[in-house]
Amino acid sequence: MVGDVRTPGAMRGEDAPGQGQSGGSEICFVPRKSPYQRLSQWMLDISGDQGVLKDVIREGAGELVMPDASVLVKYSGYLEHMDKPFDSNCFRKTPRLMKLGVDITLWGMELGLLSMRRGELARFLFKPPYAYGTLGCPPLIPPNSTVLFEIELIDFLDSAESDKFCALTAEQQDQFPLQKVLKVAATEREFGNYLFRQNRFYDAKVRYKRALLLLCRRSAPPEEQHLVEAAKLLVLLNLSFTYLKLEHPTRALHFGEQALIIDQKNAKALFRCGQACLLMTEYQKARDFLVRAQKEQPFNHDINNELKKLASHYRDYTDKEKEMCHRMFAPCDNGSTVGEK
């Protein structure tokens, strides 16, 4: 009967307290709670209405995720009484960057992410209004389903702040303090880094150039100029590497040389310039850059391998030159010289 109060002991077939089997009284049983009901008893209510419950498995660090941020997460969603997830992105080597409210449309997941910090791993229960509602999502999700999600927040980027700032005119941007410009430029560079790791080199280049434009356009007092130069150096190095991936060595060399203007002994910039010159078959310039890089980092594996690669390419080049010269000046088989009939 609905509303009966039943005891845990009776769920296992034991006598109810104070009632023996010979007493003639009816034995009452409490309804067995489902796994999600038991789990929810000690989870934190973050929605205020028990609709989104949270259990932190591993603490994160830093600030909370901001609204409109783009997040890098690993997640798996489970239905009750099912061991395998109905949805997961954990099989991907590099998860896709997703924007709250655009790529993430599950209300419960968005609320859950807004309560998380970088590196945090948490378990959430989403009641139907915060998940798939009264209709569910056939054929995988039945109607009125409570779902469990395990979510790991790898990183997030405040894309809204960056997008709004970049939409302003140069005069409007100049009204903001330098730290704001540096933060937005760093966000653009981080976006570029993420896109680069996804092998989306053209999109990464756009983000890097956006960051560089902000930094080059901003004037700073002498005591703060070193902050701008340090930020520009990172972007220039990334642009040089990106253009190498795009197979545009002349542009890679240009940005590498721009980096060397800021730091003439930067081993990474020297290395990128050497790589670019090697691709352009400018072997002497490539050697000069790579030897300078090796001088800064004598035991760098990549630099030493590039010098070996350069030596191999140069040997092949000189061998072909010798063969060409030999063919040009060698007498014909019939003993006649070149030009005779």
Side-chain angles (χ1 to χ4, degrees), residues 2-8 11-12 29-157 159 194:
V2 176
D4 283 354
V5 178
R6 304 176 182 180
T7 64
M11 288 182 356
R12 297 190 297 270
F29 296 90
V30 296
R32 183 184 296 274
K33 291 183 178 179
S34 71
Y36 284 2
Q37 287 174 332
R38 293 197 300 271
L39 184 62
S40 67
Q41 289 179 316
W42 45 271
M43 296 179 79
L44 177 67
D45 177 15
I46 64 171
S47 61
D49 61 357
Q50 299 292 315
V52 179
L53 303 174
K54 178 181 180 181
D55 172 38
V56 176
I57 301 172
R58 183 183 68 228
E59 295 283 351
E63 58 189 6
L64 294 171
V65 173
M66 301 172 186
D68 298 321
S70 294
V71 297
L72 192 63
V73 299
K74 289 186 177 181
Y75 66 85
S76 294
Y78 298 87
L79 290 169
E80 200 166 17
H81 307 298
M82 291 185 65
D83 294 330
K84 293 184 179 179
F86 64 82
D87 186 20
S88 178
N89 73 341
C90 292
F91 61 88
R92 294 181 180 177
K93 184 176 180 181
T94 306
R96 184 170 61 92
L97 196 67
M98 297 184 290
K99 188 174 179 65
L100 296 180
V102 179
D103 302 304
I104 296 178
T105 56
L106 208 64
W107 190 16
M109 183 179 287
E110 185 160 346
L111 287 178
L113 285 165
L114 290 173
S115 74
M116 299 183 73
R117 306 175 192 274
R118 285 184 180 90
E120 183 177 330
L121 176 63
R123 182 185 294 119
F124 296 90
L125 278 178
F126 303 146
K127 298 295 177 60
Y130 292 88
Y132 299 95
T134 57
L135 298 179
C137 187
L140 290 176
I141 314 297
N144 291 309
S145 292
T146 295
V147 296
L148 182 145
F149 269 82
E150 287 188 356
I151 302 174
E152 179 184 8
L153 178 62
I154 300 170
D155 199 2
F156 71 90
L157 300 171
S159 54
Y194 171 78

Before giving the answer on side chain to side chain contact (heavy atoms under 4.5 Å, CB included), spell out for Val52 and Leu125 the whole-Å C-alpha distance, their side-chain angles and the decisive distance to 0.1 Å.
CA-CA 6 Å; Val52 179; Leu125 278 178; over 6 Å; no

Before you tell me yes or no, could you show the steps for Arg96 and Asp103 under salt bridge (Lys or Arg N to Asp or Glu O under 4.0 Å), namely the whole-Å CA-CA distance, both residues' side-chain angles and the distance that decides it to 0.1 Å?
CA-CA 10 Å; Arg96 184 170 61 92; Asp103 302 304; 3.6 Å; yes

Take Val71 and Leu97 through the test side chain to side chain contact (heavy atoms under 4.5 Å, CB included) and record every step on the way to the result.
CA-CA 6 Å; Val71 297; Leu97 196 67; 5.9 Å; no

Report the C-alpha distance between Leu113 and Phe156 in whole Å, list the side-chain angles of each, state the deciding distance to 0.1 Å, and finish with yes or no for side chain to side chain contact (heavy atoms under 4.5 Å, CB included).
CA-CA 10 Å; Leu113 285 165; Phe156 71 90; over 6 Å; no

Chi angles and distances behind the side chain to side chain contact (heavy atoms under 4.5 Å, CB included) call for Ile46, Leu53:
CA-CA 6 Å; Ile46 64 171; Leu53 303 174; over 6 Å; no

Does Phe149 form a ring-ring contact (aromatic ring centres under 6.0 Å, His included) with Tyr78? I'd like the steps, not just the answer.
CA-CA 6 Å; Phe149 269 82; Tyr78 298 87; 8.3 Å; no

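Separation of atoms CZ (Arg118) and CD (Glu152) is listed at 14.0 Å; rounding is to 0.5 Å. With rounding to the nearest 0.5 angstrom, the CZ atom of Arg58 is 10.0 Å from the CG atom of Leu153. Atom CZ in Arg123 sits 5.0 Å away from atom CG in Asp55 (nearest 0.5 Å). Summarising the geometry, atom OH belonging to Tyr75 is positioned 7.0 Å from atom OG belonging to Ser88; distances are rounded to the nearest 0.5 Å. In this structure, Ile141 CD1 and Tyr132 OH are separated by 5.0 Å, a value rounded to the nearest 0.5 Å. Between the CG atom of Leu157 and the OG atom of Ser70 there is a distance of 6.5 Å, given to the nearest 0.5 Å.
Closest non-hydrogen pair, Leu135 versus Pro138, comes out as O-CD, 4.0 Å. Contact record, Tyr130 with Phe126: O-CB, 4.2 Å, taken as the closest heavy-atom pair. Among all heavy-atom pairs drawn from Pro67 and Leu114, the shortest one is N-CD2, 3.8 Å. Contact record, Lys74 with Cys90: CB-SG, 4.0 Å, taken as the closest heavy-atom pair. When all heavy atoms of Ser115 and Gly112 are compared, the closest pair comes out as OG-O, 2.6 Å.
Distance alone, capped at 3.5 Å, is enough to place a donor-acceptor pair between the Asp45 side chain and the Gln50 backbone. Between the side chain of Asn89 and the backbone N or O of Val73 there is at least one donor-acceptor pair closer than 3.5 Å.
The pair Lys99-Glu110 fails the salt-bridge criterion, with no side-chain N (NZ, NE, NH1 or NH2) lying under 4.0 Å from an Asp/Glu carboxylate O.
Within the 4.5 Å cutoff, no side-chain heavy atoms of Ile151 are placed close to those of Leu121. With a 4.5 Å cut-off on side-chain heavy atoms, Leu79 and Pro142 count as touching. With contacts defined as side-chain heavy-atom distances shorter than 4.5 Å, the pair Lys54/Met116 qualifies. Between Lys127 and Tyr36, the closest side-chain pair of non-hydrogen atoms is not below 4.5 Å. The shortest side-chain heavy-atom distance between Thr134 and Pro128 does not fall under the 4.5 Å cut-off.
Side-chain contact annotation: Glu80 with Ser34, donor-acceptor N/O pair under 3.5 Å present.
Heavy atoms of other residues, nucleotides or ligands lying less than 6.0 angstrom from CD of Glu59 number 12 at most.
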